[in-house]
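Note that this is a predicted model, so its numbers are computed, not measured. Note that ligands are numbered from 1 as they come in the structure, with each ligand's atoms numbered from 1 the same way.
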Amino acid sequence: MAIRLIVKDPDPVLREQAITVTKFNANLHKLLNDMAETMYDAQGVGLAAPQIGISKRVIVVDIGDEQGLVEMVNPEIVHREGEQIGPEGCLSIPNINGDVKRAQLIKVKGFDRDGQAFEMEAEGYLARAFQHEIDHLNGVLFTDIAESVYDISDKPRQARGE
Ligand code: ZN
């Protein structure tokens, strides 16, 4: 495993439409391992492959709840319900937080590292993390859709990055 460099806005890779994964092989496993290690090292709660310069539809999420680490390849939100507004940050946009409106509950479909399809429901903060990471795969950053953004560089860290 290796910690990868996290690319920062305005790196153009963050604006690309990431490519669908078709090979569930050792390279993908290494990518997922490195993404988890990089996320934990940066104390993030989620990471999308474009954030380490790899334009592929791969995300990892771990908000520190009982769900633990979730790896998802080619994730797709198939159902959205309700809404929530709350603060977000991003490992690719240091020192900025913003209030973002998200669905309260989602159903997300994707594949595990071996190509097995699975579906899960996420609510609240976990749902927020998924929506944030899946946006990255479509070149969308939270600052694009935030109701307000604020500089937190001179304050103690309020929200962990995603
Ligand atoms: Zn992010």
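- Going from atom CD1 of Ile6 over to atom CE of Met39 covers 10.5 Å, rounded to the nearest 0.5 Å.
- Distances from the Zn ion (ligand 1) under 2.8 Å pick out these protein N/O/S atoms: Cys90 SG, His132 NE2, His136 NE2, Glu162 O.
- Take Arg80 and apply the salt bridge (Lys or Arg N to Asp or Glu O under 4.0 Å) test, not counting sequence neighbours, and it matches no residue.
- The hydrophobic cluster analysis finds Ile19 isolated: no Ile, Leu, Val, Met, Phe, Trp or Tyr side chain comes under 4.5 Å of it, directly or through other members.
- Separating the CE atom in Met35 from the OH atom in Tyr40 is a distance of 11.5 Å, to the nearest 0.5 Å.
- The existence of a salt bridge linking Asp41 and Arg4 is excluded, since no basic side-chain nitrogen approaches an acidic carboxylate oxygen closer than 4.0 Å.
- Not counting sequence neighbours, the partners of Asp135 by the salt bridge (Lys or Arg N to Asp or Glu O under 4.0 Å) test are Arg102.
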